[in-house]
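Every chain is numbered from 1 and lettered A, B, ... according to where its sequence line falls, protein lines coming before strand lines.
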There are 2 protein chains.
Amino acid sequence: MTNGTKPATIADVAARAGVSVPTVSRVLTGAARVSPAKRELVEAAIAELHYRPSAAARVLVSRKAQVIAVIAGDTSRYGYAEAIRGIEEDARAAGYTVMITVVETADDDEVDRAISATLTQPLAGAVVLKFDAPGVAALSRLPADVPVVALSGVRDTAVPQAVLDETRAAEELTDYLLGLGHPTVHHVRIPPSRREDGRTTGWRRALRKADAAIPPTFDSTWDPRDAVDVGTQIAKDPAVTAVFCGNDEIAMGVIRGIADAGLRVPEDVSVVGFDNHPLSGLWSPPLTTAEQDFAGLGRRGLQLLLKEIDGEESKRYSSERPPLVIRSSAAAPNPQRVSAAASGHVAESA
Amino acid sequence: MTNGTKPATIADVAARAGVSVPTVSRVLTGAARVSPAKRELVEAAIAELHYRPSAAARVLVSRKAQVIAVIAGDTSRYGYAEAIRGIEEDARAAGYTVMITVVETADDDEVDRAISATLTQPLAGAVVLKFDAPGVAALSRLPADVPVVALSGVRDTAVPQAVLDETRAAEELTDYLLGLGHPTVHHVRIPPSRREDGRTTGWRRALRKADAAIPPTFDSTWDPRDAVDVGTQIAKDPAVTAVFCGNDEIAMGVIRGIADAGLRVPEDVSVVGFDNHPLSGLWSPPLTTAEQDFAGLGRRGLQLLLKEIDGEESKRYSSERPPLVIRSSAAAPNPQRVSAAASGHVAESA
DNA sequence: CTGAAAGCGCTAACAG
DNA sequence: CTGTTAGCGCTTTCAG
């Protein structure tokens with residue numbers, strides 16, 4: 001099916017234009033001056049031959065790659081997809097191309113297998129989405145000689161990183177719930193990237209600061225459908241009056257479960273999410289959450305990487321504090337439920 | 001930052017192992033037999049030197065690329081992100097690496113600019129997500145010599161393609177609504193990829209088949225928040241008893257708008273979506289929709305591409321029919337509303 | 001300003 | 001089975 005015509009080479013262009021190969025190279029790269037006359041000839045030849053320089057050959061000799069690898073645990077999850085979009089946009093603007101590598105597990109051998117193909121490519125640098133365990137593992141397996149930046153929710157690694165301060169935002173969100181009058185706040189965790197996520201840490205910190213009880217956490221997968229069960233479970237426990245969920249999708253699942261159990265949000269239980277997912281404002285009730293600008297995070301990360309590639313040592317961190325988005329899924333606690341919890345009775349408002 | 005150690009080359013490995021360069025190449029590629037003794041020596045040297053073959057050099061001489069480009073109009077939209085995930089998984093399994101190229105507009109010059117960087121890379125092939133105008137444009141700008149497959153909702157192009165038969169599914173969904181007793185079905189379009197999308201065509205076909213009136217369509221952007229306005233607008237028109245939305249996210253926005261206007265779904269107006277978005281089952285009411293296996297579509301597309309790369313001419317199409325997912329956002333029409341519409345009065349059930 | 005010459009790191013013939 | 005000899009398509013000296 002591919003027609004036999006071999007793509008034109010720089011030599012073909014040179015011959016067509018009646019100049020030497022290096023001259024063509026010079027108009028291509030702009031590395032040196034070329035007389036307007038020859039430049040025109042070359043440009044004409046390039047157009048006529050539909051010539052495209054071979055990146056492989058170019059990289060081989062110039063040792064300058066134009067590919068940036070993005071290493072992520074999943075490409076389809078909301079925050080990741082957004083971050084990738086941000087990275088790609090800025091990378092394209094800077095003349096780079098983006099290569100995607102998915103690392104599914106945190107197992108060292110698996111990670112090595114996944115990234116090895118990518119590493120043989122001539123890479124200018126890599127951006128690692130370090131929000132989950134595979135990301136953390138990938139970061140540790142990357143050779144020291146490739147410029148890298150991590151995108152994260154917590155400032156922690158030695159490599160340059162762009163962060164969205166989750167700890168701070170989670171703390172504020174919990175403060176907000178406490179300020180509404182809730183005796184304490186329960187927490188549904190997303191699968192953690194390390195021993196403990198920034199979201200969980202911030203929640204714990206707020207509780208400690210307020211001298212509130214620190215209840216055991218609920219765990220959820222990334223699938224919001226699994227969070228529905230957590231919600232029904234929560235509805236059964238009268239001690240729960242406020243819930244901070246690890247992300248909006250989980251919050252939606254939890255709210256669904258609570259509603260299925262016959263309780264109302266926020267009248268009986270307050271629920272807040274995290275991320276400000278595009279659908280969170282359309283949910284009933286509209287979700288109170290913390291805005292996470294993932295696309296912006298990706299862009300900030302890429303800028304950091306670009307500096308690193310250029311050998312600039314300056315800024316190694318770029319941090320941003322996610323603003324709270326107050327909508328209506330959280331309210332003051334239901335006095336009935338609070339007293340029922342205190343007396344140990346199960347109150348079913350169904 | 002990067003330490004000065006240059007990466008080991010095949011020559012370094014050969015020297016370290018005490019063999020010739022081609023012998024190292026042979027153990028690397030497995031192209032020819034190498035005595036166990038030398039093979040071991042070479043493998044040891046590779047390990048000690050942390051040697052990684054340069055893909056650039058390899059491609060330059062072998063003319064076999066290991067990169068597959070995915071060209072899409074947006075990487076973060078649900079269906080696209082899922083398709084990319086499917087492509088990436090299978091590509092990785094087949095030893096390929098995936099490069100992402102985003103094409104934001106359908107303007108030829110813009111498209112050329114976006115894909116030119118990618119095309120200079122040594123590409124084994126390309127997968128084009130042809131669900132929107134930029135995708136369609138990109139497909140037309142690709143040189144004839146790169147193996148390509150399109151992912152689409154309608155079987156139409158000359159290039160091999162994997163399709164999810166949207167027309168058929170949209171028709172069935174509309175049939176279903178009609179079967180519930182609705183006099184006709186209104187339609188909110190997603191931004192179309194061509195003159196008319198398969199989703200719209202299927203809807204029109206079902207209406208025509210049933211001899212139902214074909215009302216003018218509503219248009220929406222990809223942002224579900226914009227669909228809220230469409231919903232409030234719909235609520236004002238008593239003639240609307242059933243709405244088929246171009247995708248689930250738009251349906252969610254429309255439902256929100258209808259609810260904001262004081263009407264109920266499905267009691268006053270039935271609304272169905274398309275795609276079976278992960279949150280659609282958790283929505284209130286749970287969305288009736290058509291399942292779209294985007295990740296599977298991506299995988300089918302990649303398999304087609306792999307065959308094409310290998311020069312197999314066999315199958316050029318892979319089509320699948322999305323099954324309906326009946327939940328509860330659609331029901332029989334509200335008799336009151338229907339008669340009000342017939343008499344030209346505006347019925348506000350608020 | 002421009003051409004000739006020399007490789008970048010690797011694989012593809014070809015002898016042995 | 002293994003080493004030698006040629007390049008792949010490009011950029012980079014280095015003379016002119």
Side-chain angles (χ1 to χ4, degrees), chain A residues 5-43 45-46 49-67 95 116-117 119-124 145, chain B residues 5-43 45-46 49-67 95 116-117 119-124 145:
Chain A
T5 333
K6 282 184 181 65
T9 72
I10 195 171
D12 299 331
V13 175
R16 190 92 159 80
V19 300
S20 71
V21 167
T23 297
V24 177
S25 174
R26 286 189 265 259
V27 348
L28 250 29
T29 61
R33 312 187 151 294
V34 173
S35 70
K38 301 216 165 186
R39 148 167 274 115
E40 235 169 73
L41 249 34
V42 170
E43 275 163 357
I46 288 176
L49 266 31
H50 298 292
Y51 168 72
R52 260 182 232 287
S54 148
R58 194 170 255 187
V59 163
L60 187 59
V61 51
S62 73
R63 313 175 136 276
K64 267 173 207 142
Q66 32 198 2
V67 175
S116 68
L119 288 176
T120 62
Q121 296 295 135
L123 290 186
D145 62 339
Chain B
T5 333
K6 282 186 181 64
T9 70
I10 195 171
D12 298 332
V13 175
R16 190 94 159 81
V19 301
S20 72
V21 167
T23 297
V24 178
S25 174
R26 286 188 265 260
V27 348
L28 250 29
T29 61
R33 311 187 150 294
V34 173
S35 71
K38 301 216 165 190
R39 148 166 273 115
E40 237 170 71
L41 250 33
V42 169
E43 274 162 357
I46 287 175
L49 267 32
H50 298 292
Y51 168 72
R52 259 182 232 288
S54 147
R58 195 170 255 186
V59 163
L60 188 59
V61 52
S62 73
R63 312 176 138 276
K64 269 174 207 140
Q66 32 196 2
V67 175
S116 68
L119 289 175
T120 63
Q121 296 297 133
L123 290 186
D145 62 339

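Within the 4.5 Å cutoff, the side chain of Ile46(B) has heavy atoms near those of the Leu28(B) side chain. Contact of the Arg52(A) side chain with the Leu119(B) side chain is registered, since non-hydrogen atoms from C-beta on lie closer than 4.5 Å. Residues His50(A) and Pro7(A) form no side-chain contact, since every pair of their non-hydrogen atoms from C-beta on lies 4.5 Å or further apart. Between Gln121(B) and Gln66(A), the closest side-chain pair of non-hydrogen atoms falls below 4.5 Å. Two residues are said to be in side-chain contact when any heavy atoms from C-beta on lie closer than 4.5 Å; Val19(B) and Val27(B) fail this criterion.
Atom P of nucleotide dG9(C) and atom CZ of Arg58(A) are separated by 18 Å, given to the nearest angstrom. Summarising the geometry, the separation between CZ on Arg52(A) and P on dG9(D) is reported as 16 Å, rounded to the nearest angstrom. Taking atom CD1 of Ile10(B) as the reference point, atom P of dC8(D) lies 19 Å away to the nearest angstrom. Regarding Lys38(A), its NZ atom lies at a distance of 12 Å from the P atom of dC1(C), rounded to whole Å. Rounded to an integer number of Å, the gap from CG of Leu28(B) to P of dG9(C) is 15 Å.
The shortest distance between the side-chain N/O atoms of Ser25(A) and the OP1/OP2 oxygens of dT11(D) is below 4.0 Å. For Ser62(B) and dT11(C), the shortest distance from a side-chain N or O to OP1 or OP2 is not below 4.0 Å. When the side-chain nitrogen and oxygen atoms of Arg63(A) are compared with OP1 and OP2 of dC8(C), none of them lie within a distance under 4.0 Å. Between Thr23(B) and dT2(D) there is no side-chain N or O to OP1 or OP2 distance below 4.0 Å. Close to dT11(C), at under 4.0 Å from its OP1 or OP2, lies no side-chain N or O of Lys64(B).
Here the nucleotide nearest the side chain of Ser35(A), chosen from dT12(D), dC1(C), dT11(C), is dC1(C). With distances taken from any side-chain atom of Leu60(A) to the nucleotides dT2(D), dT12(D), dG9(C), the minimum falls on dG9(C). With dT2(C), dT4(D), dT11(D) as the choices, the nucleotide that has an atom nearest any side-chain atom of Ser20(B) turns out to be dT4(D). Looking at the side chain of Ser54(B), the nearest of the listed nucleotides dT2(D), dG9(D), dG9(C) is dG9(C).
Heavy atoms of Val34(A) sit under 4.0 angstrom from primed sugar atoms or phosphate atoms, though from no base atom.
Counting atom types as modelled, Arg26(B) pairs a side-chain N or O with a base atom of dG3(D) as donor and acceptor under 3.5 Å.
Heavy-atom nearest nucleotides on DNA chain D were determined for Val61(B) and for Arg39(B), and the one closer to the 5' end corresponds to Arg39(B).
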